[in-house]
Structures are given as C-alpha cells and as structure tokens.
Amino acid sequence: MGSSEATRRAAHVPTSVVVFAASIARVRQLERLVAGPDVTLVGSAQTAETAEAKVSVTNPAAVLIDLGDAAAGLEAIERIMAVRATPIVVVGTSPEDAPAALAAGAVDIVGLDESAAGAALGDLLRARLRDASRVKVITHPRARLRASRVEPRLQRTSDGPVAAEREDAVALPVALPLVVAIGASTGGPPALSAVLKHLPEDLPAAVLVVQHMAEGFIEGLAHWLDDISAMPVRVAVDGQRLAPGTIYLAPAGLNLRLVRTGRIELLPPDPGQYHVPGVDATFNSVARVCRERAVGVLLTGMGRDGAAGLLSMRRAGARTLGQDEQTSAVWGMPAAARALLAVDDELPLPEIGPAIVAAVHRCLQPLGGV
C-alpha cells in the first residue's frame, strides 16, 4: 500500500529535464515542445562538455538529446553516462544511429517519423521522458563506441539472417524445441540486454523476443543485442524454423506467432490492436504449441500487453516469470500479469536471466536431460 501511495504522489511531481542539441534553434524548439506542468526544464546545452556539466550540477530526472548531429549527440550520451548516469531519451535519430545510442546508454528513442512537427509531439516527448525517468541506469565506460562493436555478426541464408559462427548449429529434433518467450515495452532494451547476457550460447531452447518499438529500429536493436548476447540474435522471418540456441526478435508492424510445425508465422495486427508487435499474440501461440515445454517472461512496460498471454502459458504448464516493481522502468505489464495470477516467480531484473536458464533445464529433466 505504501508503495502504491508513493507511486501516486510521484505521478504529480514534475519531471526535471536537461535538453541537449547542437544548435540553439533546436534547443529552443525542444524546450517549447516539452514545456508543461509535468516537466521542469532545469538546463540546456549545445556541447557535450556543457551537457555533462549541467547534468552534474542539476541532477535531472531525465535528459532529452537531439541526435540530428549524431557525433555530438553520442558524445553527450557517453559523457553523461560516464559521470552521472541519467535516463536519456534521444530524438531525431536515424535507424543507423539507434544501435550506437542504445549501446552508449540511451533508454528510449523517438524516431524521425515521430519527431516531425505535430500537435501531439510535445505530449509524446513528455510521456517518454516521464517513463524514462523511472528507468534504473548504470554508469557506462567513457569511450566512443567503436565500429567493430556494432558491426552486425549476421549473415543471410535462404532461411533468413543467421550468425556466421552459428551456421553449423544443431538441426532441429523431430520434436519442437523448448521455447523461451519474452515480452517487453517501455524500458525494454536495457532490460533485455541485462537478461540476454546471462543466456549461454548452448542454451537448449529457442528464444522469442517481442519488444514494442517504432518502425525502422528493430534491426538496430537486433544488432545491438547480438553484440551483447552469447547467443545469435536475428530479426524473425516468416516461415523460419526455430533452432535451439538462437534468439528471434519480432519485426515491427507484425505479430509473431509460433505454429505447430516449429516455424514462425508473421501476421498483420488484429483490428484495433494498440501494441504491434503484440506480446499476447506470441505468448498465446507458444501456449498452444509448446504447452509445458516453454518459459514465459514479462519485463518492464506500460499497459497490459502480455498479461493474458502469460496466463495462457501458465495454464498450459509453462514456467512464468515477471519483473518486480523495484527494477521495472514502468511496472505495468508485469503488474497486470501478477494481478491475473499469471506469474510463478516475480524477480528483480538481475535474477531473471539465471532463472530462465534454470527453468529451461528443469523443463528438460522429465525428458532425461540433454
């Protein structure tokens, strides 16, 4: 009860924000857009050095960084995350710059299509800054991201992009592989990185990931996660057969479903569907196809997407995990799942990756192990 009351009080506290852009005109434009009763502007900067100093002095809840000048914006992210780690939202970025911004420490991205002039843009940016301010961030090394760190390790085959070092992956057994299904939304990219880095290269399961993200940025997220994870990360392709030891990321604009042949099916969203790709669509299909040979995980995110699907997985016999309130950027989706009694274990973020590994091996025990 105390936690809920604190959350209600926090909702009425304005979000303190520092704005960075390479030109004074762009700084003023962003300040006008985010100005409102729910945002307090505590500083602005046009150079990375000034941004670092302003954040150190004002200790804002979030920082808005314009990536129109990619070099200046990335340097600002790196300096801030090295000196006083603060949740950062980047705006005006291109898909090519997204992996570098995420890897440098940004927690959310507003793409070029979203950052066009419009009456709703201010509301969008304020909402993203408010959500970002709840993300728990850590200090990053103060070093420019090297090109070699973001070059994709992916190659293409007739069955879609796969990691070069995994071309000799073990063929699928006759039975469907064990499946780990993960859903995330607001605050998802850093949460996913924290989870996936714990999964070993030889995990005897296929991993399906559904992250709510704007069109054009899923590929960059896949490359970034591929660089972090021991397992290869690929954007899912329609008709692709699941292989153990591989992570499949749902593409933007389509629902990812698993069919009984062990292949991925990509379908247009249902009429009126708000979140695309939908976590519920993936979770429900995994419940139908895999039943007890699955693990479901719901991470940070706003709304209820994935809660009903996680319940379907639990009822089918799957092991289900939910991120706890303390480590969630926005405790919406996991909270909704908990309210439905869909969660077997509610865990802090650092414990979820190891819990997935343990659950996978527990699922295999009745079959005599691996």
Side-chain angles (χ1 to χ4, degrees), residues 1 3-4 7 131 134 176-188 191-192 194-196 198-199 205-212 247-250 255-260 269-270 272-364 366:
M1 184 182 300
S3 175
S4 299
T7 301
D131 293 342
R134 304 169 189 166
L176 288 169
L178 195 147
V179 171
V180 177
I182 304 175
S185 186
T186 308
L192 285 170
V195 170
L196 298 182
H198 287 288
L199 305 187
V207 180
L208 302 178
V209 175
V210 182
Q211 164 69 49
H212 299 155
I247 299 168
Y248 302 87
L249 188 61
N255 285 330
L256 185 158
R257 295 178 184 174
L258 181 63
V259 298
R260 296 192 183 277
D270 297 329
Q273 182 179 333
Y274 184 74
H275 293 295
V276 185
V279 181
D280 275 328
T282 299
F283 281 7
N284 285 329
S285 72
V286 172
R288 288 192 301 269
V289 173
C290 300
R291 302 190 65 78
E292 72 279 358
R293 287 178 55 82
V295 179
V297 183
L298 201 54
L299 301 177
T300 175
M302 184 178 293
R304 303 181 58 85
D305 189 25
L310 197 69
L311 180 61
S312 296
M313 291 186 66
R314 191 182 189 205
R315 286 175 172 171
R319 191 72 179 173
T320 59
L321 309 174
Q323 187 174 351
D324 70 0
E325 181 177 7
Q326 288 70 30
T327 63
S328 293
V330 180
W331 198 55
M333 289 157 48
R338 175 183 171 179
L340 292 178
L341 303 181
V343 179
D344 285 317
D345 293 307
E346 184 177 277
L347 300 169
L349 184 61
E351 297 181 17
I352 291 178
I356 291 173
V357 176
V360 165
H361 289 287
R362 193 179 304 124
C363 286
L364 291 170

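In this text the structure is predicted, and so the values were computed from the model without any measurement. Residues take their numbers from the sequence shown, with the count starting at 1.
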* **Non-hydrogen side-chain atoms of M333 and V279 separated by less than 4.5 Å** => yes
* Asked: Which pair of heavy atoms, one from A337 and one from A307, lies closest together, and at what distance?
  -> N-CB, 3.5 Å
* I352 CD1 to L199 CG distance, which is reported to the nearest 0.5 Å -> 11.0 Å
* Asked: Okay, side chain of N255, backbone of A281: is any donor-acceptor separation there less than 3.5 Å?
  -> no
* Working for side-chain contact (heavy atoms from CB on, under 4.5 Å), residues L192 and Q211 -> CA-CA 9 Å; L192 285 170; Q211 164 69 49; 3.6 Å; yes
* Asked: Closest heavy-atom contact between P277 and D305?
  -> O-OD2, 4.2 Å
* Euclidean distance, M302 CE relative to S328 OG, rounded to 0.5 Å -> 12.0 Å
* Between N284 and R257, is a side-chain contact (heavy atoms from CB on, under 4.5 Å) present by the stated rule, with each step listed? -> CA-CA 8 Å; N284 285 329; R257 295 178 184 174; over 6 Å; no
* Asked: Got a salt bridge between D344 and R362, using NZ or NE/NH1/NH2 to carboxylate O under 4.0 Å?
  -> no
* Is there a side-chain contact between L208 and V179 (heavy atoms, below 4.5 Å)? -> yes
* **side-chain contact (heavy atoms from CB on, under 4.5 Å) assessment of V343 paired with L311** => CA-CA 7 Å; V343 179; L311 180 61; over 6 Å; no
* Asked: Which heavy atom of T327 sits nearest a heavy atom of L347, and at what distance?
  -> OG1-O, 4.5 Å
* Structure fact -> Sorted by chain and number, sequence neighbours left out, side-chain contact (heavy atoms from CB on, under 4.5 Å) with V289 holds for L176, L258, R260
* **From CD (Q323) to CD (E351), nearest 0.5 Å** => 11.5 Å
* To do: Apply side-chain hydrogen bond (donor to acceptor under 3.5 Å, both in side chains) to D345 and list each qualifying residue two or more places apart in sequence or on a separate chain.
  => R319
* Output all residues satisfying side-chain contact (heavy atoms from CB on, under 4.5 Å) with A194, sequence neighbours left out; order by chain, then residue number. => L349
* To the nearest 0.5 Å, what is the distance between CG (D324) and CZ (R338)? -> 9.5 Å
* Closest contact, heavy atoms only, A294 versus V286 -> CB-CG1, 3.7 Å
* With a 4.5 Å heavy-atom cut-off, do T320 and V295 have their side chains touching? -> no
* Within-4.5 Å side-chain heavy-atom neighbours: I356 and L321 -> yes
* Structure fact -> residues 176-188 vs side chain to side chain donor-acceptor pair (under 3.5 Å), sequence neighbours excluded, gives S185-H212
* Who are the salt bridge (Lys or Arg N to Asp or Glu O under 4.0 Å) partners of R304, not counting sequence neighbours? -> none
* Asked: Mind checking what makes salt bridge (Lys or Arg N to Asp or Glu O under 4.0 Å) contact with D280, not counting sequence neighbours?
  -> none
* Asked: Rounded to the nearest 0.5 Å, what separation is found between the CG atom of L196 and the CD1 atom of I247?
  -> 4.5 Å
* To do: Determine the minimum heavy-atom distance between T300 and G188, stating which atoms define it.
  => CG2-N, 3.9 Å
* **Straight-line distance of E346 CD to L298 CG, nearest 0.5 Å** => 11.0 Å
* **Heavy-atom pair of closest approach, residues M313 and F283** => CG-O, 3.4 Å
